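The chains referred to below are lettered A, B, ... by the order of the sequence lines, with proteins before strands, and numbering in each begins at 1. What you see is a predicted model, and the numbers here were worked out from it, not measured in a lab.
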Protein chains: 2
Amino acid sequence: MKAKTDHSASPGDELLRALSALANPHRLRIVAALAGGRNYVSGLAREIGISRPLLHMHLQRLEAARLVSGNLELSEDGKAMKYFEVTSFALALTPETVAEAARTLSAEPPGGQRGREQQQ
Amino acid sequence: MKAKTDHSASPGDELLRALSALANPHRLRIVAALAGGRNYVSGLAREIGISRPLLHMHLQRLEAARLVSGNLELSEDGKAMKYFEVTSFALALTPETVAEAARTLSAEPPGGQRGREQQQ
DNA sequence: TTCATATGTAATGATATTCTTACATGAGAA
DNA sequence: TTCTCATGTAAGAATATCATTACATATGAA
């Protein structure tokens with residue numbers, strides 16, 4: 001129950017989070033829509049045709065991966081609206097960059113990075 | 001039950017499949033290990049410390065995404081060994097490339113690309 | 001034959017993700 | 001007050017993913 005927006009993660013973990021965030025058709029469309037200009041969640045939900053609660057969940061995932069960012073604003077008529085926009089991310093994925101990132105992955109609970117003697 | 005290695009998929013679908021394939025710590029490590037040289041599945045399983053059936057499953061996912069490829073060979077002593085190697089993939093991920101790919105996503109079973117009038 | 005190596009897959013369970021429905025709040029307009 | 005539009009979140013069901021265990025095959029060596 002911590003680190004939803006973990007600011008202290010290894011490059012490997014950050015890459016993994018970004019990849020997990022992008023590995024979904026809805027979220028790809030969300031990023032695509034926001035690449036065309038910022039929008040608030042209700043408007044965005046209508047634009048891409050999914051429910052607000054669902055969009056809310058996907059936006060959280062994208063924001064946790066730092067691929068989008070949102071901030072609450074007050075419209076002229078006083079309505080609170082949360083506008084989201086894409087961050088200017090740039091990920092280069094090749095066998096080499098993946099290999100480099102994989103070296104700093106923290107996952108895998110039991111065992112850790114060191115000590116991997118095969119048994120039987 | 002079809003298209004495990006779908007050769008006729010849109011760029012968007014291919015990107016989604018590649019992203020889904022990479023969005024897993026084991027599979028990042030598998031790609032990393034193979035980037036250091038080809039290997040056969042039992043050897044690779046020992047190298048990265050996971051069970052063979054599990055590795056087999058992950059390799060299928062990576063191969064379906066065309067990130068790795070394997071071919072069966074016969075060792076000198078007659079053992080059948082399946083050697084895997086990474087393909088020379090290169091994915092550039094930016095808001096723009098994602099937006100471009102998202103235009104050709106086929107997913108979303110009911111509704112399709114067209115016809116998205118809001119109800120309510 | 002038995003042991004050790006390689007291959008693959010089926011069955012099952014444990015977790016994680018995804019998605020809908022329903023509810024709750026706040027502010028301006030009618 | 002009531003309606004509309006915005007926000008968010010909780011609960012539960014439906015799927016998908018992940019992982020282990022167990023089984024099945026084939027080959028060479030002891």
Side-chain angles (χ1 to χ4, degrees), chain A residues 1 3-4 16-17 19-30 38-65 70-84 105 107-111 118-120, chain B residues 1 3-5 16-30 38-65 70-84 105 107-111 118-120:
Chain A
M1 213 62 73
K4 256 191 168 166
L16 181 56
R17 178 149 38 194
L19 289 171
S20 301
L22 289 174
N24 176 282
H26 282 325
R27 292 196 288 268
L28 285 180
R29 290 200 190 87
I30 292 169
R38 48 177 254 155
N39 204 350
Y40 61 99
V41 351
S42 287
L44 184 56
R46 284 189 291 265
E47 181 182 335
I48 65 184
I50 66 176
S51 71
R52 264 188 332 301
L54 182 55
L55 175 61
H56 185 268
M57 187 266 280
H58 285 308
L59 283 173
Q60 277 191 320
R61 227 135 154 18
L62 287 169
E63 192 170 33
N71 74 306
L72 207 58
E73 298 179 16
L74 287 180
S75 64
E76 295 179 1
D77 62 340
K79 293 274 171 55
M81 313 176 68
K82 192 163 191 181
Y83 275 88
F84 278 87
L105 281 174
E108 248 42 45
Q118 71 287 11
Q119 71 293 5
Q120 215 337 352
Chain B
M1 213 64 74
K4 258 194 168 165
T5 308
L16 180 56
R17 178 149 36 195
L19 289 171
S20 301
L22 289 175
N24 177 281
H26 282 327
R27 293 196 287 267
L28 286 181
R29 290 201 190 87
I30 292 169
R38 46 177 256 156
N39 204 350
Y40 61 100
V41 349
S42 288
L44 185 56
R46 283 189 291 267
E47 181 182 334
I48 65 184
I50 66 176
S51 70
R52 260 178 313 97
L54 182 55
L55 174 61
H56 185 268
M57 187 266 278
H58 286 307
L59 283 173
Q60 276 191 319
R61 225 131 156 24
L62 287 169
E63 191 170 33
N71 74 308
L72 206 58
E73 298 178 17
L74 287 179
S75 64
E76 294 178 1
D77 63 338
K79 293 274 171 56
M81 311 174 73
K82 191 162 190 180
Y83 274 88
F84 277 87
L105 281 174
E108 246 43 46
Q118 71 287 12
Q119 72 289 5
Q120 206 343 356

Could I get the full list of side chain to side chain donor-acceptor pair (under 3.5 Å) partners for [X], not counting sequence neighbours?
| X | value |
| --- | --- |
| B:Ser42 | none |
| B:Tyr40 | B:Arg46 |
| B:Arg61 | none |
| B:Asn39 | B:Glu47 |

B:Arg29 side chain vs B:Asn24 backbone, donor-acceptor pair below 3.5 Å =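 No, B:Arg29 side chain to B:Asn24 backbone: no donor-acceptor pair under 3.5 Å.
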query = With no hydrogens and no angle check, is any side-chain donor or acceptor of B:Arg27 less than 3.5 Å from a backbone partner on B:Ala21?
reply =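 Yes; judged by distance alone, with no hydrogens or angles, the pair exists.
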In whole angstrom, give the distance that lies between atom [atom1] of [X] and atom [atom2] of [N].
| X | N | atom1 | atom2 | value |
| --- | --- | --- | --- | --- |
| A:Met57 | C:dA16 | CE | C1' | 11 Å |
| B:Gln60 | D:dT17 | CD | C1' | 14 Å |
| A:Leu54 | C:dT20 | CG | P | 6 Å |
| B:Asn71 | C:dG8 | CG | P | 12 Å |
| A:Leu55 | C:dT18 | CG | P | 14 Å |
| B:Leu19 | D:dA16 | CG | C1' | 17 Å |
| B:Leu16 | D:dA16 | CG | C1' | 14 Å |
| B:Leu59 | C:dT7 | CG | C1' | 13 Å |

request  = Measure from the side-chain heavy atoms of B:Arg61 and tell me the nearest of C:dT18, D:dC18, D:dT20.
outcome  =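 The nucleotide sitting nearest to the side chain is D:dC18.
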Does [N] have its OP1 or OP2 closer than 4.0 Å to a side-chain nitrogen or oxygen of [X]?
| X | N | answer |
| --- | --- | --- |
| A:His58 | C:dC19 | yes |
| A:Asn24 | C:dT17 | no |
| B:His26 | D:dA19 | yes |

key: Shortest non-hydrogen contact from B:Tyr83 toward B:Arg38   =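 Heavy-atom minimum between the residues: CG-NH2, 3.2 Å.
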Report all interatomic pairs (protein N or O, nucleotide N or O of nucleotides 5-8 of chain D) with separations under 3.5 Å.
from: D:dA6; atom 1: OP1; to: A:Tyr40; atom 2: OH; distance (Å): 2.7
from: D:dA6; atom 1: OP1; to: A:Arg46; atom 2: NH2; distance (Å): 3.0
from: D:dA6; atom 1: OP2; to: A:Arg46; atom 2: NH1; distance (Å): 2.9
from: D:dT7; atom 1: OP1; to: A:Val41; atom 2: N; distance (Å): 3.2
from: D:dT7; atom 1: OP2; to: A:Ser42; atom 2: N; distance (Å): 3.0
from: D:dT7; atom 1: OP2; to: A:Ser42; atom 2: OG; distance (Å): 2.2
from: D:dG8; atom 1: OP1; to: A:Lys82; atom 2: NZ; distance (Å): 3.4

